[in-house]
Amino acid sequence: MKKIFKALVIAAAVVSAFSAVSCKKSNRANQFILGLDDSFPPFGFRNEKNEVIGYDIDLAEEVAKRMGKELVCQPINWDTKELELNNNNIDCIWNGLTITEKRQSEMIFTKPYIENAQVVVVKKSSGFTTLADLKGKTIGVQAGSSAQDAINANPEFKASVKEIVEFADNVTAMNDLEFGNLDGVVMDVTVANYNIAQGKAALTCIEESLSPEEYGIAFKKGNVELRDKVQTILEEMAADGTVAKISTKWFGSDISLIGK
């Protein structure tokens, strides 16, 4: 009797495990998982209710809806974002991701959807107006970001500063700047302008930029079908006015490159 009971328990466990795996696969198939840094306003960040919102999130929500999928926003370590993609933990990286030659060798991208540039944010009271003014100063940057790439691509500027401090996100770096622990933060101008407009009025951007750039949505190499599907839907959204509406909501005007 015990043997029969034991066999029934094992059989039930196998059926249960199979059902759980099947259910998980089914859910995953109906999801569009977006990898992001959830402290990157206005592209992807958390509101006072701890919900992930932003320009990229609004675009992705509509794309997922038109694909018949549920959007899942998955915060990731930005310094190991490529690994998350390659391990199939996420379907794409969609969060103000700059298109660079190095990244294009590791991932495939949509067409650029917005223009950006890497600038240095400083205190208004600092008197800094050029990159040369930062000689011998301490600069902050997000680890694994295109801002870090921009610094490395400008060896004269990199050599001129006293120290470069890495942070997990831009928000923490900007807070350190306000507290007086840094003299400047290298970051995306679109993100900097949004943060300044949202309350960091004591800060400003040096007009001289380190590098112009464009954002794209990244997918695992070989996943051309999903990349092309997302690109097609985005262009449809641009044609019917959805992209312009979302862009105006976050930036006050249509600054998108989609379909242009």
Would you say the side chains of [X] and [Y] form a donor-acceptor pair under 3.5 Å?
X: E213; Y: N116; result: yes
X: S39; Y: D37; result: yes
X: Q74; Y: E84; result: no
X: K220; Y: N86; result: no
X: T172; Y: D169; result: yes
X: D149; Y: S145; result: no
X: D188; Y: T190; result: no

Practice prompt. Verify side-chain hydrogen bond (donor to acceptor under 3.5 Å, both in side chains) between E70 and N30, making sure each step is shown before the conclusion.
Written response: CA-CA 6 Å; E70 173 198 2; N30 293 326; over 6 Å; no
Where the side chain of [X] meets the backbone of [Y], is there a donor-acceptor pair that is under 3.5 Å apart?
X: S105; Y: K102; result: yes
X: S211; Y: A150; result: no
X: N47; Y: K49; result: yes
X: Q118; Y: S209; result: no
X: S253; Y: I255; result: no
X: E61; Y: I57; result: no

Look up atom [atom1] in [X] and atom [atom2] in [Y], then write down how far apart they are to the nearest 0.5 Å.
X: I206; Y: L134; atom1: CD1; atom2: CG; result: 4.5 Å
X: T110; Y: K229; atom1: OG1; atom2: NZ; result: 15.5 Å
X: N175; Y: N181; atom1: CG; atom2: CG; result: 10.5 Å
X: L83; Y: N89; atom1: CG; atom2: CG; result: 7.5 Å
X: L85; Y: I33; atom1: CG; atom2: CD1; result: 11.5 Å

Kindly check if the number of other-residue, nucleotide or ligand heavy atoms within 6.0 Å of [atom1] ([X]) is above 12?
X: K221; atom1: NZ; answer: yes
X: K260; atom1: NZ; answer: yes
X: E207; atom1: CD; answer: no

Fill in: Parallel, tilted or perpendicular: ring planes of Y113 versus W94, cut at 30 and 60 degrees
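It falls in the perpendicular class, over 60°.
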Under a 4.0 Å threshold between the charged nitrogen and the carboxylate oxygen, would [Y] count as salt-bridged to [X]?
X: D91; Y: K69; answer: no
X: K137; Y: E163; answer: no
X: D58; Y: K249; answer: yes
X: R66; Y: E62; answer: yes

Worksheet item: According to the ring-ring contact (aromatic ring centres under 6.0 Å, His included) rule, which pairs have a member within residues 57-82, sequence neighbours left out?
Response: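 Sorted result for residues 57-82: empty, none.
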Practice prompt. Among residues two or more places apart or on two chains, list those pairs meeting ring-ring contact (aromatic ring centres under 6.0 Å, His included) that have a residue in residues 133-160.
Written response: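 Residue pairs with at least one partner in residues 133-160: there are none.
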Would [X] and [Y] show up in the same hydrophobic cluster when neighbours are defined by side-chain heavy atoms closer than 4.5 Å?
X: M174; Y: F45; result: yes
X: M187; Y: V161; result: no
X: L131; Y: I151; result: yes
X: I233; Y: V230; result: yes
X: Y55; Y: I99; result: no

By the rule that ILVMFWY residues connect when side-chain heavy atoms come within less than 4.5 angstrom, directly or transitively, which residues belong alongside [X]?
X: F179; answer: none
X: L257; answer: none
X: V189; answer: V119

Looking at every heavy atom in both [X] and [Y], which two are closest together, and how far apart are they?
X: P75; Y: D38; result: CG-OD2, 3.5 Å
X: G44; Y: L36; result: CA-CD1, 4.1 Å
X: A143; Y: D79; result: C-OD1, 4.0 Å
X: R227; Y: F109; result: NH1-O, 2.8 Å

Fill in: Y215 ring center within less than 6.0 Å of F43 ring center
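For F43 and Y215, the ring centres are under 6.0 Å apart.
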Worksheet entry | Under the side-chain hydrogen bond (donor to acceptor under 3.5 Å, both in side chains) test, residues paired with E214 that sit two or more places apart |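 Residues passing side-chain hydrogen bond (donor to acceptor under 3.5 Å, both in side chains) with E214: none at all.
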Worksheet item: Going by heavy atoms in the side chains, are F251 and I114 under 4.5 Å from each other?
Response: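 Yes, side chains in contact.
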